[in-house]
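Numbers restart at 1 for each chain; the letters A, B, ... are given by sequence-line order, proteins then strands. Please read these numbers as outputs of a predicted model, since none were measured by experiment. Atoms considered below: every heavy atom in the structure, side chains included; atoms not considered: hydrogens, waters and symmetry mates.
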There are 2 protein chains.
Amino acid sequence: MAEVFEDAESVMAHLRALRQELLTTSIEPSGDQARSGLTAPQVGLIRSLVVEGSATVTELARRLSLSHSTTSGIVDRLQARGLVTREPDPHDRRYTRIEVTAPVQGYTREISEGPYGRLTRALDAASAAERKAVLEGLETLRALLSR
Amino acid sequence: MAEVFEDAESVMAHLRALRQELLTTSIEPSGDQARSGLTAPQVGLIRSLVVEGSATVTELARRLSLSHSTTSGIVDRLQARGLVTREPDPHDRRYTRIEVTAPVQGYTREISEGPYGRLTRALDAASAAERKAVLEGLETLRALLSR
DNA sequence: GTTACTTGTGTCGTATACGACGCGTCGTAT
DNA sequence: ATACGACGCGTCGTATACGACACAAGTAAC
């Protein structure tokens with residue numbers, strides 16, 4: 001149990017660092033090209049709307065693996081910028097469909113690479129064995145936790 | 001490049017889910033035993049103080065792989081609860097040493113398992129090959145990103 | 001039809017998390 | 001001695017992120 005604890009600390013350090021590198025800094029500061037001032041979750045939400053179609057807040061939360069309240073806040077900020085709209089569903093007034101506004105449609109082509117451009121490029125440059133190691137490691141970890 | 005993108009989405013989904021399972025829910029709601037109302041970062045910071053000794057805010061930030069401002073905020077909230085103190089260094093007044101208060105010392109034995117109890121137990125129950133797969137996967141991913 | 005349950009939404013409070021900024025402090029070069 | 005750069009700290013503004021809550025709207029039970 002002793003040395004396993006070091007593994008646990010190592011795993012946590014890896015996950016923290018990966019999150020920082022991928023989730024929070026993947027879009028804006030990498031200097032790739034001039035950007036829009038959007039954060040990774042915001043780009044991910046817009047991208048989901050474009051690629052998988054408009055959806056309700058709850059559906060978006062499910063797609064992005066976020067809670068309802070978090071997703072609602074992201075929609076709030078995008079709506080304040082005029083990038084998405086909330087359209088009440090006439091058939092069932094509980095529903096509110098989130099739609100991207102027209103000006104976003106064109107811009108979206110630029111982000112069709114997804115919010116994970118850096119990760120995608122890294123995986124593309126990796127060997128098949130490396131990709132396999134990455135995916136198997138993550139899958140193994142999750143399987144261990146759900147056991 | 002096409003199928004690689006699916007790998008990227010898969011990796012991101014794994015990381016998101018792992019973060020939720022480990023970072024945010026590892027301490028409180030697992031029903032292990034009655035808890036203190038402390039969050040995982042708070043427990044991690046206290047644990048670092050006890051195990052590795054008292055330190056400055058910057059040093060703590062480095063240990064926890066967090067930014068200085070985030071760490072300062074966590075110390076703020078722990079200080080408000082009387083769990084840590086800020087002691088100005090008499091030799092160099094730029095420094096402020098963070099110390100755990102006396103009542104915390106005993107309690108700390110209960111959390112010496114670390115904030116990652118669930119992860120530690122999972123890794124302990126895993127085979128050597130599984131542990132290797134997990135660590136290699138994470139290390140490979142980080143190496144790919146820093147290439 | 002009225003009641004009870006479910007579902008979807010938005011909001012509130014709190015805790016991370018970061019970069020940017022200003023302030024005080026120390027060492028050092030001028 | 002003084003100016004200056006480096007360092008540590010705290011604070012601000014903003015964005016994520018969650019659970020808990022209240023409310024509205026539909027559904028089901030009776």
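- Atom NE2 in H68(B) sits about 12 Å away from atom C1' in dG22(C), given to the nearest Å.
- D76(A) places its CG atom 8 Å from the C1' atom of dG10(C), with the value rounded to the nearest Å.
- A side chain to side chain contact (heavy atoms under 4.5 Å, CB included) with L45(B) is found for exactly one of L83(B), L38(B), L64(B), namely L64(B).
- Between L64(B) atom CG and dA15(C) atom C1' there is a gap of 15 Å when expressed in whole angstrom units.
- The side chain of I74(A) lies closest to dT16(D) when the candidates are dG10(D), dA15(D), dT16(D).
- Each of V57(B) and G73(A) lies near DNA chain D, and the nucleotide nearest V57(B) is the one positioned closer to the 5' end.
- In this structure, L38(A) atom CG and dT14(D) atom P are separated by 16 Å, rounded to whole Å.
- Note: CD (E87(B)) to P (dG8(D)) measures 19 Å, nearest angstrom.
- You'll find the side chain of L49(B) reaches within 4.5 Å of the side chain of L60(B), heavy atoms only.
- Checked by atom type and distance alone, the side chain of E59(A) never pairs as donor or acceptor with a backbone atom of T56(A) at under 3.5 Å.
- Residue S69(A) places a side-chain atom within donor-acceptor reach of the base of dG19(D), judged by atom type and a 3.5 Å distance cut-off alone.
- Within 4.0 Å of T58(A), counting heavy atoms only, lie sugar-phosphate atoms of the nucleic acid but no base atom.
- Distance alone, capped at 3.5 Å, is enough to place a donor-acceptor pair between the T101(B) side chain and the G82(B) backbone.
- For R77(A), the side-chain atoms get nearest to dA15(D) when compared with the rest of dG10(C), dG19(C), dA15(D).
- Residues satisfying the side-chain contact (heavy atoms from CB on, under 4.5 Å) criterion with E136(B), sequence neighbours excluded, are K132(B).
- At a threshold of 4.0 Å, the pair D76(A)-R86(A) counts as salt-bridged, since one of the basic side-chain nitrogens sits closer than that to a carboxylate oxygen.
- In the set dG10(D), dA15(C), dC18(D), the nucleotide with an atom closest to the side chain of T70(A) is dC18(D).
- Here dG8(D) presents its P atom at 10 Å from CD of E59(B), a figure rounded to the nearest Å.
- Between T71(B) and T58(B), the closest side-chain pair of non-hydrogen atoms is not below 4.5 Å.
- For DNA chain D, the residues of residues 88-98 of chain A within the heavy-atom distance limit of 4.0 Å (strictly under) are H91(A), D92(A), R93(A), R94(A), sorted by number.
- Remark: DNA chain C forms stems of 3 or more consecutive Watson-Crick or G-U wobble pairs, all pair distances under 3.5 Å, at C:1-30 with D:1-30.
- In this structure a side-chain-to-backbone donor-acceptor pair under 3.5 Å is present from R131(B) to L123(B).
- Here dT14(D) presents its C1' atom at 14 Å from CG of L78(A), a figure rounded to the nearest Å.
- When the P atom of dG10(D) is taken as reference, atom CG of L60(B) falls 11 Å away, rounded to whole Å.
- Between the side chains of S69(B) and S67(B), a donor-acceptor pair is found at a separation under 3.5 Å.
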